[in-house]
Each structure stands twice: as structure tokens, then as C-alpha cells.
Amino acid sequence: MTTTSVLNDAPTFDNRQDFADELIALARTNDKVVAVCNDSVGSSNLTKFRDEFPDRLINVGIAEQNMVGVGAGLANAGLIPFVCAAGPFLTGRSLEQIKADVAYSQHNVILCGMSPGMAYGELGPTHHSVEDFSWLRALPGLDIVVPADGAQTRAAVRNAVADPRPTYIRVGRFKVPHVSEDNVGLERGKFVVAREGSDVTIIATGTEVSRALWAAASLAAEGVSARVLNAAYLSPLDEDAIKDAARQTGAIITAEEANVAGGLGAAVASVVGQLEDGARVPMRILGLNHFAPTGSTAFLLDHFGLTADHISAAAREVLHRD
Amino acid sequence: MLTADASQAAAWRSLRQEVLDGDPATRAAKLHERAQATRRSILKMISDAGQGHIGGDFSVTDILTVLFDAVMNVDPEDHRKEDRDHFILSKGHCAGALYSTLAHSGFFPVSELDTFMAPLSALNGHPNRVKVPGVETNTGPLGHGLPVAVGTAIGAKLLKSGSRVFVVTGDGEMQEGSNWEALMSASHQKLDNLTLIVDRNRLQQGARTEETNGLDPLDARLAAFGMEVRIVDGHNYNDLIDAMRPSTTGSPVAVIANTIKGKGVSFIEDRVEWHHKVPSKEQTLQAFQELS
């Protein structure tokens, strides 16, 4: 069976549904949980939340700078605000508000970047959120969480309510298969070991995690043992897992639905490059390096070399098995 | 995080009681004395640090004095109590005026003002809520305070805390689009617990506001965005107190406080170059005399 056919056969899910269901469940037991959005009640999947908690859904209209400031104010008053908007507008339009009002002010706002990456495929680069890792990794004091499936999305929401802190969560729209058990937890600042391996490590995030697992399966058939790390948190960065990957396996591949200038791969490289002699392993960084042409999300992931086949090919190349 | 000065807080409480109990003339005299002391602190801070925003500090000083000494429900020794009134200085470059007001109210020791903008001081050139009690949100980039104030006012209503929210913007700052996004929200949400005060000194960093990107008719514009507009002399203490009364229409309140940039010092007043100019030794002495 080729990896492509596995990809086609696995049932896939939109993480926004799990996000909304978990948020509503928590709001029922914690009246400090509120949601803020920019006319995105439908696209942020907040319709049921609004119906059940009409006073606790604050729709500021199409005004993202105000939206993030309002979120900071709600946190200042003592509430736990989930600020929901399409990723490109949330992070791009309000970047200074995220910097000054959330990260620097340490207001406990949970920023929910809906439909991130290239989920809005054909709508084009204005509607893609592929710069968010680069922009937000530069902000100290802001957690960055990238759940790889619905169960992890629920865990990210639970973490945010249990221990509110300035946080950005990527809430995926592009359908992905389940890669974790129901009720899985996410530990703050830790990668999830999705598969053990000793020859090469694939560090993937979000939509790329299932693809990395398929790549690892096809590599195993060729006798290559690939470790797969799910970078569920980009900030704080799991430097120990990266160091172990470099010291214990022969190479590292990273894969992200994001621009490579300052994203996951750059973060990993900055750790690997500072390791001791003998531990600095070769790397390949898979991701975006130009604005996307027109195409569906699936087409664009292929275009940018982000399929399971691309990942396994990169592993073969870096291990000189090609 | 700096900590409260108990004896200074006690002195502030007693002064505040005298202000509230006094007849209008006594009240104005006490607040004026207080504001001039704050201006003298600001002058010393800026002279010592060799930097700061003296013009805007002096135009907003009377507004801050009235809010902290006669209007707001705050406790310097419990600065994050849940039912507090919130104050946000959106024109964060006038941190010197805020620090001086907070210190004189006992939020932290007055002696701390000597560290203004010194290496590793809590008193940065723009205010930081993580380090300075009484600061509600970090400001500096313009157009940030009003949206945060709107969110805080919505939160206060949801929590039924009874808190009021006061936010001061510069007038030039009203050129930032985010403020108008926030005004639309404030009136749509009927935030009658929100008061915006525009420090209308008619000067911005480079020139007069009306020569740069005119704001007039500011009252009509604010009214068109659904605000209950009040126009007041921003240096008249009793009129300022009256202007801070709660909303009477159910709409959020916008107070246009007509002020003089550099108020209190003859050679600084209403002069564009004193946005962030630092007085010489001789000028500092003269200014100190005029403020005494």
C-alpha cells in the first residue's frame, strides 16, 4: 500500500468542531469563560456557544485590532477570553496588539487562530496564515500551541482554562485524521513522541503530524527507523526533545504548514546548531518559502513538498539512502 | 512589582477625604496644590533622566489628579481588588505623570521616582503593569488603551463588579483607527461604565493637530459614534470632577478636556518643541519656581 492511498483512506475531521464542543463544555462549569470574535461566529464555529451563552459571546464586528484589545481588557477584568478569528487576520492585522496588550502586558488572553495555514487554499495568500509561527515566536511570554487533531485541540482548550496565560492556539480547519487517543492530554512546552525510532527524527506540527507518521511507516518498510515528534507546543520550545533527537538519531527533518523563515524548522535548527561537536546532525526543513499560487489546500501542500512522500524522500536524501 | 507605601497611602486617604468634604474653593485649592507637587516631581524626573515627555505630562496632570484624588474607587494597598475602578493611560509616553500621581497616592514609594528610566528601573519610559502597581495595561504604541478599556468595561458588566473604567488618550492619538473601532464597540455595547477622556491640547509631536490631520469637529465626531460628549476646561478641578459623573444617557461618556500642553510653566506652554524636550539646568530652576 502506498502512503498516498493510506492518506486517502483514513477518515478525517475538522478540528473546529472539537474546539467548539470543548469550549462550551468548559463554559458550562466556569462562568469566566467568554468568547470574542470579529463577525466570525460561523467560521469560528461559535454559533452554539452564542445560543447557549449570548451575553458571553462578544462580537466586535470586523475590527481585529479592537478585538484583541477587548480580549486583553476582559482578561484585565478577571475573565478568561477566547479570542477567535481567522488566523491571518488575527495575527497579521492585530500583531501589535498581540505584542503589547497580550504578550508584553501578560494579560491571559487565549488567541484562537481559526483555519490556519493554507486552509483557505484558493482564496490565496491574503487568507493564508503561514507567517504566524514566525511572527509569534518572536514574542516572549506567549505560548504557541498547534494541536494535530481533535483530541489535542480539546486538550489545548482545557489547558487554557485550567491555567490561563497568554496563548495562541492554531485551530485547524483542513480535515486531518486522528493521531491521538480520545481525552489525550498535552503537557505545556513538550513535544509528543508519536513514534519511536533511532535512524532519523521527523519533527512535524499540526497538519503535518499524520503525514510524518505515514512517512515513518513507509520508511520502516525500507528498514529505516524514524522517530516522529509532534511539536504540539512551539513555545515554550521542547529543547530537550530536540537535543535528544540530534544525539540519538542521525538526522532531523522538520515539516510545517508555515513559512520556513522563523518557523518550527528554524526553531529546531537554532537548537541543533548550538550543540556540541558530533551532535550537530544534518537537517531538512520542509515548509513554505514563497506566496502560494492558486490551488486547493491539498494541492498546495503537495506543491510545497509537504506530503508523506516528500517527507520520506527528504529522510532518504539526508541519510543518503536515495 | 513595586509595593505600596503604607504611610503615603494613609496620607493620600486623609487628603482625599478633605477634598471630598471641602467646599468647591477648598477642594480646588487642595487639588491644585497636589497637582503642582506632581508637576514638580515630573520636572525633577525628566531633568534627572535627561528624557521624558514634559509637555503631555503637564497637560494631563490635572486630569490624573482629579481622577485619583477625587473620583476613582482605588486602593493603593490592594491595587487589583476586584471592584476597583480601572484607569488606563493610553498616551503611555506620559508615564512620568502617571508614576508621579501613583507614587503620591501610595501605590509605591515616592523615592522610587528617582529611578525613572534608569537602568533596570521598574519605571520604564512607558508603563508596565507587571512591574508597577496601579498600571492596568502596558501602553506606549498609540491607539491601544481604548480597546483594552472597552474590554475591561464589558468584563466589569459581565462580572457585575460595579467598576467604572476611565481611559485617557492624547488628542493626536485619536488619529489612530483602532480608537474608532473601539468607539463603535463601546456605544454598541452601551458601556455606560466607560469614560474616555481626550487630553485636547491641540499639539502632537510634530505640529498642531489641526495642521497635521485635523480632529475637529471632535465633539460631533464622538457624538456621531454614540458617545455622551462633555466638553470641559481640563485645568478646572471642579469642572473636571463634574465631568467625571456617570453617564446620564446609558451611553459611554467622552470628555473632551481642553488643556494646554506644558501647563504650568510659561516657556513650555503650548509650544510644539516641548513634546519631549528636556529643560536645561537653568530652565529646570525657573520651571520649579513657577510651579511652587
Side-chain angles (χ1 to χ4, degrees), chain A residues 27 30-39 53-83 85 89 93-111 139-142 164-166, chain B residues 1 79-88 90 92 124 126-132 135-165 167 176-189 191 193-194:
Chain A
N30 186 334
D31 61 11
K32 292 194 171 175
V33 172
V34 297
V36 186
C37 71
N38 61 337
D39 191 35
F53 309 105
D55 296 341
R56 287 155 65 185
L57 186 277
I58 296 125
N59 182 352
V60 300
I62 306 166
E64 290 76 21
Q65 298 179 67
N66 183 47
M67 173 182 66
V68 173
V70 164
L74 287 162
N76 186 40
L79 294 158
I80 305 173
F82 282 73
V83 175
F89 315 128
R93 192 59 164 266
S94 2
L95 185 56
E96 191 183 72
Q97 277 73 17
I98 296 175
K99 171 188 169 184
D101 307 351
V102 180
Y104 182 45
S105 287
Q106 284 294 288
H107 283 305
N108 297 328
V109 178
I110 297 94
L111 302 158
L139 301 180
L142 180 74
R165 60 176 70 240
Chain B
M1 176 74 86
H79 66 101
R80 291 206 177 143
K81 66 171 184 167
E82 286 193 5
D83 69 342
R84 71 187 183 278
D85 289 343
H86 302 267
F87 174 73
I88 293 172
S90 191
N124 191 358
H126 296 91
N128 185 332
R129 71 182 283 271
V130 178
K131 296 178 179 175
V132 185
V135 174
E136 297 264 339
T137 194
N138 301 7
T139 51
L142 298 174
H144 283 245
L146 184 54
V148 176
V150 167
T152 306
I154 295 170
K157 279 184 172 285
L158 283 172
L159 294 167
K160 298 182 169 53
S161 65
S163 300
R164 295 180 65 194
V165 183
V167 52
E176 289 280 8
S178 53
N179 285 322
W180 300 93
E181 292 183 4
L183 288 169
M184 289 178 74
S185 271
S187 60
H188 182 81
Q189 301 274 348
L191 299 179
N193 57 343
L194 174 73

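Letters A, B, ... are given to chains in the order of the sequence lines, protein chains preceding strands, and every chain is numbered from 1.
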Next on the checklist: So if I take each residue of residues 70-77 of chain A and look for any heavy atom under 4.5 Å from a heavy atom in chain B, which residues do I end up with?
Outcome noted: A/Val70, A/Ala72, A/Gly73, A/Leu74, A/Asn76, A/Ala77

Item to check | Minimum heavy-atom distance between A/Asn66 and B/Glu181, given as atom pair plus value | outcome: N-OE1, 2.9 Å

Checklist entry - Taking all atoms of both residues into account, what is the closest heavy-atom pair of B/Asn138 and A/Asp101, and its distance? => result O-OD1, 4.4 Å

Checklist entry - Got A/Val60 and B/Ser185 here, is their nearest side-chain heavy-atom distance under 4.5 Å? => result yes

With rounding to the nearest 0.5 Å, note down the distance linking [atom1] in [X] to [atom2] in [Y].
X: B/Leu158; Y: A/Phe53; atom1: CG; atom2: CZ; value: 12.5 Å
X: A/Arg93; Y: B/Ser178; atom1: CZ; atom2: OG; value: 11.0 Å
X: A/Tyr104; Y: B/His144; atom1: OH; atom2: NE2; value: 12.5 Å

[X] portion near chain A, given a 4.5 angstrom heavy-atom threshold:
X: B/Arg84; result: side chain
X: B/His86; result: side chain
X: B/Ala182; result: both

Item to check | Interface moiety of A/Val36 toward chain B, non-hydrogen atoms closer than 4.5 Å | outcome: neither

Next on the checklist: Counting only heavy atoms not in B/Lys157 (residues, nucleotides, ligands), do more than 12 fall under 6.0 Å from its NZ?
Outcome noted: yes

Checklist outcome for this item: Answer key: most heavy-atom pairs under 4.5 Å with chain A among B/Val150, B/Thr139, B/Asn128 is B/Asn128

Checklist entry - Pick from A/Met67, A/Lys99, A/Gln65, A/Glu96: which one has the most heavy-atom pairs with chain B under 4.5 Å? => result A/Glu96

